[in-house]
Amino acid sequence: MREMLNTTIAEVMTAAVTEGRVSLETVPPVSVERPRDPSHGDWATNIALVSAKAAGMPPRAIAEIVAEGLRERLGATAEAIEIAGPGFINIRLARGVLADVVTRVREERDAFGAGARTGARVQVEFVSANPVGPMHVGHGRWAALGDSIARILEHAGDEVQREFYVNDAGVQMDIFAASVSARYLELCGRPGEFPEDGYRGAYITEIAREIYEEEATCWLDATPASREAHFKEKAYAQVLAHLKRVLHGMGVDFDVWFSERTLHGPGEGGGPSAIDRGIERLREAGHVFEHEGAVWFRSTEFGDDKDRVLKKADGSYTYFAADVAYHADKYDRGFDLVIDIWGADHHGYVKRMESAVAALGHPGKLEVIIGQLVNLFRDGEVVRMSKRTGEMVTFEDLLDEVGVDAARYFFLRRSTDQPLDFDIGLAKERSADNPVYYVQYAHARICSILRKASGADTADESVDVAAVAAGITAGARELALLGAEPGTLAGEAELALLRKLAEFPEVVALAARQRAPHKLTTYAEDLAAAFHGFYTHCQVVVDDPALRGARLALADASRIVLARALGLLGVSAPQRM
RNA sequence: GCCCUCUUAGCUCAGAGGAUAGAGCGUCUGCCUCCGGAGCAGAAGGUCGCAGGUUCGAAUCCUGCAGAGGGCGCCA
């Protein structure tokens, strides 16, 4: 509809210029938007305002000309075309046109709001936690965020791959192994020095205990190096299994788990490692230099604050060098766009990574989203979390307490660049104060209506809601009854719901473009509110078969879109609660 | 010190350069003989941090200032 109006307005303007009624060098780009205030109609354009100065005419005079042209061309599609305020042209669509959305939704079902296939291959890399401990709540938020962005991009038409980068190489793994080893020795009754930088969380002891229970004191007298090497793999496997289990449990499944170790190991045929090859590629492109025994990347050429070390003077590699190799690998795999979601504490790395990607010949094909942290609140008090003392609410604890739906929904409710205050009590609450229940309740309520309409008891669990929905037929004649009494509460409620349903494709497109799942939580709440308003003012299951069919169809369309919106957030749409 | 992000109702936050800046919570007031009241409707509540600028029009874009958070290692 927007595109159609856009084109039509452009045609009208061009015609007006050709006929000499408006003198313009070029017709400015047309903007059509949905007015905030429903009394301003369904669509509005500011074309007269933006053209006024160049045309040397008062905006309202231009608006008159455009409105006249639109009335001719739109005909019965528009119920009214009015000029308002300083020169806006407001278009009110005919009711029948508004009601078309019901048919469209019920035909397209889950495909409603889907964009055309773009052919773009997009990778979303997220969570990427070090496999040295349980997921924390921030990881949970980034998991929800990355997965939802992936779902939204898929719906918008991209081909998306989800990837988890496992930082399983490097110093932190050694510290991890040494920590487990120390706890193991304690369990064997031989307490010693705990590593200075060791991980002190209780989970380390639990991992050590599992090893102890399996292998008893086998490793008591092994050399520390062989013991730690063995424990590292055991503990790593346990943590990785934890990560996969928790993520799968919340509906997040990765296509690829990419191990950092593969970058350090020898390349094909025993050739240089991926990291060495990555550095070589930067060197061939002329962006590498040696200084004081280290190998540097001249990232300042790409706008970074300072140049960055790739290979230290002692011959070891920086974390950044591995990241360069990793990203080179991503583009070798043919992605048109790579989206990385990083924690807020990594945002100082964005510039250097973008620089490296540009130096590798893929400028602009990396997008880094910075995920902000989560502050947990319970009864109005901050829940302090400290790794040092081991007093931690892990993400798994939180999921156990509030459930997947509430956790995901709350994580996604705020824009990603805002730190999030998470109220545990509210997330658990089964009331209207809790937005996730508010939205799910609307869906369950519709299912209940459908059960009722089938003639069954509303609580009859054996009723197949989808089958009932499929049996509802409502043609143009019936749908024309929707909103037939504008000005009444019932009529306005129906119209408001129709308008909200029609917005969905635009919301998906916007959420995709802005990588902003919270646009969908806002939308879902608006749609639920529009449905509740409709429900309050309109009896759905009425005796008149035509009106009943129309309202059931509208309720069914609402059900489909609510479920779709929740689905893009990774939240379930229950048929009863 | 430099860089990034943020500052909107009492609280938590929405707000593609547009019309009278919105929602939820909290406060106050109404609505159940009726399909799920886990709902609906109304009232009160604002110098959009401050000051300039661009624009027909700025919460939105630009500059400066103030405040909050984060980042600035041959750490990971």
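Letters A, B, ... mirror the listed sequences (proteins, then strands); counts begin at 1. All figures in this text were calculated on a predicted structure; none of them were measured in a lab.
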Suppose you measure atom [atom1] in [N] against the same atom in [M]; what distance do you get, rounded to whole Å?
N      : M      : atom1 : answer
B/rC65 : B/rU29 : C1'   : 45 Å
B/rC50 : B/rG26 : P     : 29 Å
B/rU12 : B/rU5  : P     : 23 Å
B/rC48 : B/rA9  : C1'   : 10 Å
B/rG36 : B/rG18 : P     : 42 Å
B/rU60 : B/rA21 : P     : 15 Å
B/rG45 : B/rC61 : P     : 30 Å
B/rU54 : B/rA59 : P     : 16 Å

**Q.** Side-chain H-bond candidate by donor/acceptor type, A/Y165 with A/D340, under 3.5 Å
**A.**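 Absent: no donor and acceptor within the cut-off.
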Q) Is the closest side-chain donor-acceptor distance between A/Y437 and A/D405 under 3.5 Å? A)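 A/D405 and A/Y437 do not have a side-chain donor-acceptor pair below 3.5 Å.
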For [X], which contact category applies under a 4.0 Å heavy-atom criterion: base, sugar-phosphate, or nothing?
X      : result
A/H40  : base
A/P419 : sugar-phosphate
A/N46  : base
A/R413 : nothing
A/C538 : base
A/K311 : nothing
A/S415 : sugar-phosphate
A/A313 : base
A/L426 : nothing
A/S448 : base
A/A442 : nothing
A/A453 : nothing
A/N90  : base
A/H347 : base

In whole angstrom, give the distance that lies between atom [atom1] of [X] and atom [atom2] of [N].
X      : N      : atom1 : atom2 : result
A/H346 : B/rG71 : NE2   : C1'   : 11 Å
A/D304 : B/rG73 : CG    : P     : 11 Å
A/W43  : B/rA19 : CH2   : P     : 17 Å
A/K500 : B/rA23 : NZ    : C1'   : 11 Å
A/D417 : B/rA68 : CG    : C1'   : 15 Å
A/M353 : B/rG71 : CE    : P     : 20 Å

(Q) Can you tell me whether the base of B/rC40 sits syn or anti, using the 90° cut around 0 to define syn? (A)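 Base orientation relative to the sugar is anti.
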What nucleotide, of [options], holds the atom closest to the side chain of [X]?
X      : options                : answer
A/F88  : B/rG36, B/rA19, B/rC74 : B/rA19
A/E292 : B/rG36, B/rC74, B/rG15 : B/rC74
A/K452 : B/rA14, B/rC35, B/rU55 : B/rC35
A/Q418 : B/rC6, B/rC35, B/rG37  : B/rC6
A/H537 : B/rC40, B/rU5, B/rG37  : B/rC40
A/L49  : B/rC56, B/rG15, B/rC40 : B/rC56
A/V50  : B/rA38, B/rG18, B/rC74 : B/rG18
A/R414 : B/rC74, B/rU12, B/rG36 : B/rU12
A/K306 : B/rC40, B/rG36, B/rG73 : B/rG73
A/V541 : B/rA19, B/rG37, B/rC35 : B/rC35

[X] (side chain) donor-acceptor with [Y] (main chain) under 3.5 angstrom:
X      : Y      : value
A/R60  : A/G85  : yes
A/T300 : A/K306 : no
A/T488 : A/G491 : yes

Q: Hey, could you give me the CD/CG distance between A/E492 and A/L497, rounded to the nearest 0.5 Å?
A: 12.5 Å
Q) Do A/F534 and A/F531 have ring centres separated by under 6.0 Å? A)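 Centroid separation for A/F534 and A/F531: below 6.0 Å.
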Q.
Return whichever of A/T536 or A/Q575 has its heavy-atom-nearest nucleotide of RNA chain B closer to the 5' end.
A.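 Of the two residues, A/Q575 wins.
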Q. Mapping A/Q372 and A/L420 to their closest nucleotides on RNA chain B, which lands nearer the 5' end?
A.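 Counting from the 5' end, the first nearest nucleotide belongs to A/Q372.
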**Q.** pair A/L520-A/L412: side-chain heavy atoms closer than 4.5 Å
**A.** no
Q. Side chains of A/F504 and A/L527: does their closest heavy-atom pair fall under 4.5 Å?
A. no
Q. Reckon A/K312 has a side-chain N or O less than 4.0 Å from the OP1 or OP2 of B/rC75?
A.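 Checking A/K312 against B/rC75: at least one side-chain N or O falls below 4.0 Å of OP1 or OP2.
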Q) Under 4.0 Å between a side-chain N/O of A/Y535 and OP1 or OP2 of B/rG37, yes or no? A) yes
Q: Taking Watson-Crick and G-U wobble pairs with both distances under 3.5 Å, convert RNA chain B into its dot-bracket string, 5' to 3', dots for unpaired and | for cross-strand pairs.
A: (((((((..((((....[...)))).(((((.......))))).....(((((..]....))))))))))))....
N/O donor-acceptor pairs under 3.5 Å from side chains in residues 544-557 of chain A, not counting sequence neighbours:
from: A/D544; atom 1: OD1; to: A/A546; atom 2: N; distance (Å): 3.1
from: A/R548; atom 1: NH1; to: A/V542; atom 2: O; distance (Å): 3.0
from: A/R551; atom 1: NE; to: A/E494; atom 2: OE2; distance (Å): 2.8
from: A/R551; atom 1: NH1; to: A/Q539; atom 2: O; distance (Å): 2.9
from: A/R551; atom 1: NH2; to: A/E494; atom 2: OE2; distance (Å): 3.2
from: A/D556; atom 1: OD1; to: A/R559; atom 2: NE; distance (Å): 2.9
from: A/D556; atom 1: OD1; to: A/R559; atom 2: NH2; distance (Å): 2.9
from: A/D556; atom 1: OD2; to: A/R106; atom 2: NE; distance (Å): 2.8

Q.
Run the side-chain contact (heavy atoms from CB on, under 4.5 Å) test on A/L420 and A/Q372 for me, step by step, so that the C-alpha distance in whole Å, both residues' side-chain angles and the decisive distance to 0.1 Å come before the verdict.
A. CA-CA 7 Å; A/L420 174 75; A/Q372 292 292 331; over 6 Å; no
Q) Does the B/rA21 base have a donor-acceptor partner in the side chain of A/D37 within less than 3.5 Å? A) no
Q) side-chain contact (heavy atoms from CB on, under 4.5 Å) between A/M57 and A/E64: does it pass, once the steps are laid out? A) CA-CA 11 Å; A/M57 289 170 69; A/E64 288 290 353; over 6 Å; no
